[in-house]
Peer 1: 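Pasting a structure below so you can have a look.
Note that the coordinates shown come from a computational prediction; the quantities given were computed from them, not determined experimentally.
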There are 2 protein chains.
Amino acid sequence: MVWITICTERYDGLMSAETPTVGRPRAFDEETVLDRAAEVFWRHGYEGASLTALTGAMGINRPSLYATFGSKQELFQRAFARYHETQVARARAALEQPTAYTAIEAFLRSSADGLTAGDHPPGCLSVQGGLACSPENAGIAEILAAGRAATESVLEARLSRAADEGDLPPGMDARALARFVMALSEGHAVHAAAGARREDLQASVDIALQAVLPHS
Amino acid sequence: MVWITICTERYDGLMSAETPTVGRPRAFDEETVLDRAAEVFWRHGYEGASLTALTGAMGINRPSLYATFGSKQELFQRAFARYHETQVARARAALEQPTAYTAIEAFLRSSADGLTAGDHPPGCLSVQGGLACSPENAGIAEILAAGRAATESVLEARLSRAADEGDLPPGMDARALARFVMALSEGHAVHAAAGARREDLQASVDIALQAVLPHS
DNA sequence: TGGCCCTGTAACCGATCGGTACAAAAAGAG
DNA sequence: CTCTTTTTGTACCGATCGGTTACAGGGCCA
């Protein structure tokens with residue numbers, strides 16, 4: 001919801017134009033190089049990702065990058081959007097479980113798995129991309145925060161539905177619970193960035209799930 | 001323990017020399033300017049904090065900075081150590097509560113308070129300083145990770161003691177619980193950096209504490 | 001008073017930053 | 001084949017990065 005508005009507002013006019021019929025054909029696939037760019041941002045953060053590192057990993061040169069994506073900021077937004085489609089979407093899909101408990105468990109487990117998967121950098125681009133930036137790049141931190149807030153909104157919507165269905169422990173607030181789950185997931189991202197093992201994160205999930213059970 | 005070793009290793013020979021008996025006295029207080037430097041690193045991250053911004057906030061000029069601290073990296077280490085003394089120490093002190101439950105509650109509450117205090121930037125320097133850095137600054141991320149790991153070790157030691165005293169819910173692993181508490185605190189730091197309100201974080205703490213209670 | 005050490009300003013260093021000008025190369029259109 | 005169009009590679013732009021030097025004073029002690 002919030003995310004959608006932000007998405008369309010920011011990306012209108014920035015989406016790739018349709019491929020022209022004449023002229024030298026493009027030698028790279030846009031989504032592929034976006035994935036490579038996302039990995040560099042993921043590993044080094046926005047400000048730590050130099051154009052040299054980006055173009056090197058993407059396998060294209062600077063003029064191609066700028067002709068295609070416009071600027072480093074726009075490239076980041078595109079890469080971040082792609083990251084959402086390919087990575088965050090899995091955790092969100094996990095919310096389609098029948099009960100609040102199973103939805104939260106699936107969310108946290110798939111999140112912990114994604115944070116420690118071997119086929120991409122550890123951690124989460126939404127967190128490592130740039131929690132704190134230099135003043136001229138303050139917009140990057142906002143973009144990332146908006147992405148995280150959007151995921152939290154989806155989580156909250158799912159748990160609100162659960163509350164309506166009487167599927168939450170008595171006295172449990174859906175919004176606070178969504179924030180708790182999201183915060184834990186972000187903390188796991190911080191841990192994963194520092195090299196935490198998957199089992200260690202899952203053990204933390206085990207404990208978190210105790211909080212969702214009704215108490216005596 | 002890990003932290004102590006790392007601390008002494010890194011800081012040996014970097015500590016400020018005793019003030020000389022002759023010559024013009026220093027016009028600034030070392031701890032004061034370190035606090036100012038920590039704020040800049042805190043707000044903008046290591047790489048986002050330029051020397052111009054640092055010297056401006058510290059109220060000294062570059063030659064003085066380099067004569068006193070040696071380099072940007074060493075300045076950061078000193079500022080980070082000072083941050084531990086002034087900020088992190090409060091959360092660690094909260095662990096001196098009689099029971100595991102009250103210790104965890106005090107830790108998380110004072111952490112949430114500190115993350116949203118008005119007299120310094122929101123969030124936590126240990127997290128925002130630089131989760132992901134450019135390759136040449138990879139050491140900064142390691143220093144921060146070591147600091148967080150040290151806090152987690154202290155937490156784990158306290159909870160291990162609680163386990164020995166039979167003060168943990170049955171079947172609860174002290175190490176996993178420490179990681180859970182630490183991860184939640186880090187997630188709260190991420191939230192605080194994005195502008196979360198103190199009450200919102202405390203509501204998340206309320207939920208987390210449910211996990212520490214014994215279950216039916 | 002003579003050193004000594006610090007302070008401030010200022011200018012400068014090589015390297016790297018994000019971002020471009022330009023011409024060769026590769027394709028379709030005629 | 002030539003013209004047009006688009007991408008590609010090289011080489012470069014000004015600005016800023018972290019870090020250093022030079023130097024004219026200023027405060028303190030012996």
Peer 1: How are the rings of B/H120 and B/W42 set to each other: parallel, tilted or perpendicular (split at 30° and 60°)?
Peer 2: parallel
Peer 1: Between A/F80 and A/H84, how do the two ring planes meet: parallel, tilted or perpendicular, split at 30° and 60°?
Peer 2: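 Ring orientation of A/F80 relative to A/H84: perpendicular.
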Peer 1: Rounding to a whole Å, what distance do you find between B/E30:CD and C/dC6:P?
Peer 2: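 So the CD-P distance, B/E30 to C/dC6, works out to 12 Å.
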Peer 1: Does the side-chain hydrogen bond (donor to acceptor under 3.5 Å, both in side chains) test come out yes or no for A/S153 and A/E156, once each step is laid out?
Peer 2: CA-CA 5 Å; A/S153 289; A/E156 179 188 344; 5.2 Å; no
Peer 1: Is the shortest side-chain N to carboxylate O distance from A/R26 to A/E30 below 4.0 Å?
Peer 2: yes
Peer 1: Enumerate all atom pairs, one protein N or O and one N or O from nucleotides 7-14 of chain C, separated by less than 3.5 Å.
Peer 2:
from	atom 1	to	atom 2	distance (Å)
C/dT7	OP1	B/A27	N	3.0

Peer 1: So, A/S64 and A/N61: side-chain donor and acceptor under 3.5 Å apart, yes or no?
Peer 2: yes
Peer 1: Tell me: CZ of A/F76 to C1' of C/dG18, nearest whole Å?
Peer 2: 16 Å
Peer 1: In residues 50-57 of chain A, which residues come under 4.0 Å of DNA chain C by heavy atom?
Peer 2: A/S50, A/L51, A/T52
Peer 1: When you check the side-chain N and O atoms of B/T116 and B/R197, is any donor under 3.5 Å from an acceptor?
Peer 2: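 No.
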Peer 1: CG of A/L51 to OG of A/S71: how many Å apart, nearest 0.5 Å?
Peer 2: 9.5 Å
Peer 1: Measure OH/A/Y66 against C1'/D/dC12 and give the value in whole Å, please.
Peer 2: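 So the OH-C1' distance, A/Y66 to D/dC12, works out to 14 Å.
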Peer 1: Rounded to whole angstroms, how far apart are CD on A/E136 and P on D/dC17?
Peer 2: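 Taking CD of A/E136 and P of D/dC17, I get 7 Å after rounding.
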Peer 1: What is the distance from CG of A/L65 to P of D/dT7, rounded to the nearest Å?
Peer 2: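 My rounded result for the distance is 13 Å.
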Peer 1: Rounded to whole angstrom units, what separation is found between the CG atom of B/N137 and the P atom of D/dC17?
Peer 2: 14 Å
Peer 1: In whole Å, what is the span from the CE atom of A/M58 to the C1' atom of D/dT7?
Peer 2: 15 Å
Peer 1: If you apply the rule side-chain contact (heavy atoms from CB on, under 4.5 Å), what do you find for B/M182 with B/L108, and how did you get there?
Peer 2: CA-CA 9 Å; B/M182 191 67 194; B/L108 287 175; over 6 Å; no
Peer 1: State plainly whether the residues A/R36 and A/D29 are in salt-bridge range, i.e. N to O under 4.0 Å.
Peer 2: no
Peer 1: In dot-bracket form, how is DNA chain D paired, counting a Watson-Crick or G-U wobble pair only if both its distances are under 3.5 Å and using | for bases paired to another strand?
Peer 2: ||||||||||||||||||||||||||||||
Peer 1: Tell me whether B/D173 is salt-bridged to B/R179, with the criterion being a basic N under 4.0 Å from an acidic carboxylate O.
Peer 2: no
Peer 1: Ignoring hydrogens and geometry, is there a side-chain-to-backbone donor-acceptor pair from B/H44 to A/C133 under 3.5 Å?
Peer 2: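 At least one qualifying donor-acceptor pair exists.
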